Amino acid sequence: MLEAAPPLQAATEVAGEGAGGPSMRHFIDLSALSKADVRAILDEAHRRKQARAGWPKALPDADAPLHGHALAMIFQKNSTRTRVSFDIGIRQLGGAPIIMNASETQLGRGETVEDTARVLSRMVDLVMIRANNHQDVLDFAAASTAPVINGLTDLSHPCQILADIMTIEEWRGPIEGKTIAWLGDGNNVCMSFVHAAEKLPFTLRIATPPHYAPRRQEIEAAQKAGAQVRVTNDPHAAIAGADVVVTDTWVSMGDTDKDQRMKAFPPYAVDEVIMQRAAPDAIFLHCLPAHRGEEVMDAVMDAPNSAVWDEAENRIHAQKAVMLWCLGKI
Ligand code: CP
Ligand code: NVA
């Protein structure tokens, strides 16, 4: 076991039972869902994707299960995929999207997260937040009377990982028994893979430079919860025979130590040479945006076994199922 970054408070639970009561289904981290619910969300995502294959993108699904419902999205950070996939996803479910740049709302002038939550949750049926600080999502959820979805924080990105698992299953069949190798930063996306490993039967091998490992406290909690997860500094050991190879940017939104990172991460770059060590039919995933020539080379991004474009599209399908789960429809 390696030296990990100092443990931060692993804030994954909404304080008390929250304003929405004990049955309110917030989607904040995969670690808080049951195994059965994670599986049900994935199955619904696969089913709905298949049912509308080839349809125009904004045409609602045949049953339009969220007809009349509104989703508000709050962005404190940039986004392309999360923004468009939730927007088109709620329309496909028959509902309506509202997109807000946090800095253009009264949040940007100091209205509290909790007061914003109290107001918005009277006006819409669901709220998605992309936040700088995970705690803001928890505070919002605690005050909200509508379900809240984590659209990425400094600590996690659970929507992304559902799309990733869905993509793996499309390309290579059931996730059971697969080995996933994560190379690079032990960041928010990596942490949601760890949470997923608690709920689904796959093996996760994480290779990061010293000082950029996921928080040890959370790795230990995941292992205790049954996750098959190992952390190493050796990218070759992590990738050996893996069915899936994943990486992400070396400098996430909000990271301020770019110079140090650019020195530490090059041995973890995913190129054609290191891909040779994975299983012969290994697929490549990246949540995107990619920094071609840094964490991944063109030859890997654009290879026939790169599943990154399906992965991006699957954000729509996975999140539709998340929204349905939040509202008790699955
Ligand atoms: N992968 C992802 O969340 O992309 P965006 O930052 O474009 O939303
Ligand atoms: N780790 C990246 C993911 C972007 C979707 C970030 O937080 O910037």
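It should be emphasised that the depicted structure is a prediction, and the values quoted were computed from it without experimental measurement. Just so you know, ligand 1 is whichever comes first in the structure, and atom 1 is the first atom listed for that ligand.
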Q: Check whether any N or O atom of Arg83, backbone or side chain, sits under 3.5 Å from an N or O atom of ligand 1, and answer yes or no.
A: no
Q | Residues Ser156 and Asp29: side-chain donor-acceptor under 3.5 angstrom | A | yes
Q | Distance-only polar pair, side chains of Arg130 and Thr82, donor-acceptor under 3.5 Å | A | yes
Q. Does Lys77 come within less than 4.0 Å of ligand 1, judged by its heavy atoms?
A. no
Q | Taking atom 6 (O) of ligand 1 as the reference point, the nearest protein heavy atom with its distance | A | Arg130 NH1, 2.8 Å
Q | Side-chain H-bond candidate by donor/acceptor type, Arg315 with Gln160, under 3.5 Å | A | yes
Q: Return the residue, atom name and 0.1 Å-rounded distance of the protein heavy atom closest to atom 4 (C) of ligand 2.
A: Leu152 CD1, 3.9 Å
Q: Answer with yes or no whether Leu288 contacts ligand 2, where contact means a heavy atom under 4.0 Å from a ligand atom.
A: yes
Q. Do NZ/NE/NH1/NH2 and the carboxylate oxygens of Lys320 and Glu44 come within less than 4.0 Å?
A. no
Q: Return the residue, atom name and 0.1 Å-rounded distance of the protein heavy atom closest to atom 4 (O) of ligand 1.
A: Arg81 NE, 2.9 Å
Q) With a 3.5 Å cut-off and no angle check, do the side chains of Thr249 and His291 form a donor-acceptor pair? A) yes
Q. Which residue supplies the protein heavy atom nearest to atom 2 (C) of ligand 1, what is that atom called, and how far is it?
A. Arg315 NH1, 3.2 Å
Q: Please could you name the atoms of ligand 1 that Cys287 approaches to less than 4.0 Å, counting only its heavy atoms?
A: 1 (N)
Q. Which ligand 1 atoms, with their elements, are less than 4.0 angstrom from a heavy-atom of His157?
A. 2 (C), 3 (O)
Q) Between Leu152 and ligand 1, does any nitrogen or oxygen pair lie at a separation below 3.5 Å? A) no
Q | Residues Arg48, Asp61: salt bridge by 4.0 Å N-O rule | A | yes
(Q) Tell me the contacting part of Leu288 for ligand 1: side chain, backbone, both, or neither, using a 4.0 Å heavy-atom threshold, strictly below. (A) backbone
Q: Check whether the side chains of Glu313 and His317 place a donor and an acceptor atom closer than 3.5 Å, and report yes or no.
A: yes
Q. Would you call Glu169 and Arg39 a salt bridge, taking side-chain N to carboxylate O under 4.0 Å as the test?
A. yes
Q: Considering the heavy atoms of Thr80, write down every atom of ligand 1 situated less than 4.0 Å from one of them.
A: 5 (P), 7 (O), 8 (O)
Q) Is ligand 2 under 4.0 Å from a heavy atom in the side chain of Asn188, in the backbone, in both, or in neither? A) side chain
